[in-house]
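Here is the naming used below: chain letters follow the sequence lines, and residue numbers restart at 1 for every chain.
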There are 2 protein chains.
Amino acid sequence: MGQGTLAAVAEPKYWHLRTVLLRTMDTEFSTGQVLPNERELSARFGVARATLRQALDQLELEGRLVRRRGIGTLVAAPRVGVPVAGPEGGRSGAVHGGPDWKVVDCTTGPASAALARTLNLAEGEQVHTVRRMRVVQGVTVAAESLHVPSAALPHLAVVVDGNDRARGVLRQLERVGVDGESRSVELGVAESAEAALLERPPGTPVLVVTTQYAAAGRLAAVAVSTYRADTCKLTFGESGVAVQVAAEVKAAAVS
Amino acid sequence: MGQGTLAAVAEPKYWHLRTVLLRTMDTEFSTGQVLPNERELSARFGVARATLRQALDQLELEGRLVRRRGIGTLVAAPRVGVPVAGPEGGRSGAVHGGPDWKVVDCTTGPASAALARTLNLAEGEQVHTVRRMRVVQGVTVAAESLHVPSAALPHLAVVVDGNDRARGVLRQLERVGVDGESRSVELGVAESAEAALLERPPGTPVLVVTTQYAAAGRLAAVAVSTYRADTCKLTFGESGVAVQVAAEVKAAAVS
DNA sequence: TAGTGGTCTAGACCACTCT
DNA sequence: GAGTGGTCTAGACCACTAT
């Protein structure tokens, strides 16, 4: 009896389940509430636990629920809007980071083949790498590696180590005058290092933001930022509309 | 014998498998080549097929391979860079679409509660909805719904239907003068309608780009675009760096 | 210790594509 | 018809969190 008797629906069971669960969540549950456990849900819907989990996987990918080992499955809060390019478009304080960036460490070494390629350098040239994380409202939303060729920072004193060096790199980069940014966004999964910073298991879906910083017409630095896809909505705002959006939010709150 | 004898690795089997497969793909396979079938791979690595598939799921999410029913599992080509905000930042021809947007249909009707909220309207107000898809190099990369309140287009003659109306809406929207854009990007899954347009099964991961268009300080339209996450890398370019990037690509091609 | 989600297995059938 | 990936099942054990 390998499989279904109710066939002829053309729609996979897990997809139909997802729809039903979504409706249930919207009508009978609220943010933060725990759903019945997987064994009970699968029994209730008359499917194998694996099939139920496939439906939950979808909803988790959509950011609609959060699963915590040992705890249960919770209805997720709406995603946080995380500004990636500020209203200023990166003109002033491009590499800034504002208050929510925390430096993790800083290393200097020869560029790998892949890194040399993206930085348009010869393999083995010295590159500073600043690893940092972005913490918004107590939650780590992103891990980043910022790569800067030593050659781009002629006035950097490489005497200090660790966080001091990171500060030096960021300050010098600011000083050379970043005058342009180019970004790309794609889907990826967190490898072990980033996963640890993001407090998530390896394989967690992330939005990979690659930012190329230009200074004096040349590529001065590349930042690879991985944002938690479950909790983040990346925003690329312009002030003109931002005002309008704020008005909307207010209106929605009233209604 | 429920599970493993080789335990004590702390790393899930499927994650380790992913790493091994990734290395194998990079060294022994090239773009477009088909991997051994799932039954053979699972036997070769001594795991259940479901476990192997979990590893393949990861690699597919990363855009490293493509699975085709009835055909096999292929090594994917690198993701295509798809410009979302052009160098002009949307100032001229914001809703343009360029040559690669194809109108699917156009409807006019009362706004749902959710839509009214995002458009900052009262529920039930008339809204034009243009559905279109973006085709790059013969591949459909995105499906979009562009919502425009009727009230924002006072000079639109609503006599024609279908594609003619779509053209009218786009032209009128252009005419009222869009003077600002605000975007967000988040992870989602394709529902049945979009999935069909994207030629993918429901549940396919997509990058959801929500664009708010402002005209005269007011929200004039909202576009929800779903880009295939497997094949697309969204780019938000600025001309200054774009030149540099082109140089890079050339350099990489030579090496 | 009890309960939860996470991983893994072995086997089955279905839907699709090619020859 | 043969071969592929897609779906589904029933059951087991593991890792974690609470009490």
When the distance from [atom1] of [X] to [atom2] of [N] is rounded to whole Å, what number comes out?
| X | N | atom1 | atom2 | value |
| --- | --- | --- | --- | --- |
| A/Leu52 | D/dT7 | CG | P | 16 Å |
| B/Arg67 | C/dA15 | CZ | C1' | 15 Å |
| A/Glu40 | C/dG5 | CD | P | 10 Å |
| A/Gln54 | D/dT9 | CD | C1' | 12 Å |
| B/Glu11 | C/dC8 | CD | P | 10 Å |
| B/His16 | C/dC8 | NE2 | P | 12 Å |
| B/Leu56 | D/dT4 | CG | C1' | 13 Å |
| A/Asp57 | C/dG5 | CG | C1' | 11 Å |

Position toward the 5' end of DNA chain C (nearest nucleotide), A/Thr73 or B/Val47: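 Taking each residue's closest nucleotide, the earlier one in sequence belongs to A/Thr73.
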Position toward the 5' end of DNA chain C (nearest nucleotide), B/Arg39 or B/Ala48: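 Counting from the 5' end, the first nearest nucleotide belongs to B/Ala48.
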Lys/Arg-Asp/Glu bridge criterion (N-O < 4.0 Å) met for B/Arg200, B/Asp230: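 Looking at B/Asp230 together with B/Arg200, the answer is yes, because their closest N to O distance falls below 4.0 Å.
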Sidechain N-carboxylate O distance under 4.0 Å for B/Glu144, B/Arg131: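 So B/Glu144 does not pair with B/Arg131 through a salt bridge.
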5' precedence on DNA chain D between A/Gly46 and A/Arg49 (nearest-nucleotide basis):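 That would be A/Gly46.
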Nearest-nucleotide 5' precedence on DNA chain D, B/Leu35 against B/Ala50: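 By nearest-heavy-atom nucleotide position, the 5'-most residue is B/Leu35.
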Ring geometry between B/Phe236 and A/Phe236 (parallel below 30°, tilted from 30 to 60°, perpendicular above 60°):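 Parallel: the ring planes of A/Phe236 and B/Phe236 meet at under 30°.
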Would one find a side-chain N or O of [X] under 4.0 angstrom from OP1 or OP2 of [N]?
| X | N | value |
| --- | --- | --- |
| A/Tyr14 | D/dC8 | no |
| B/Thr51 | C/dT9 | yes |
| A/Lys13 | D/dT9 | yes |

For B/Glu60, all residues meeting salt bridge (Lys or Arg N to Asp or Glu O under 4.0 Å), sequence neighbours excluded: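 For B/Glu60, the residues satisfying salt bridge (Lys or Arg N to Asp or Glu O under 4.0 Å) (neighbours in sequence not counted) are B/Arg67.
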Derivation of the side-chain hydrogen bond (donor to acceptor under 3.5 Å, both in side chains) call for B/Gln33 and B/Ser30: CA-CA 6 Å; B/Gln33 211 169 344; B/Ser30 52; 3.3 Å; yes
Write out a two-atom table: protein N or O, nucleotide N or O from nucleotides 1-3 of chain D, distance below 3.5 Å.
unit_1, atom_1, unit_2, atom_2, d
D/dG3, N2, B/Gly70, O, 3.4

Minimum heavy-atom distance between A/Leu74 and A/Gly32, given as atom pair plus value: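 That would be CD2-O, 3.6 Å.
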Please table the atom pairs, donor to acceptor, closer than 3.5 Å between any side-chain atom in residues 184-192 of chain B and protein atoms at least two apart or in another chain.
unit_1, atom_1, unit_2, atom_2, d
B/Glu186, OE1, A/Arg79, NH1, 2.7
B/Glu191, OE2, A/Arg18, NH2, 2.7

Heavy-atom donor-acceptor pair, B/Arg68 side-chain to D/dG6 base, under 3.5 Å: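 Looking at the base of D/dG6, it does not pair with any donor or acceptor on the side chain of B/Arg68 (distance under 3.5 Å).
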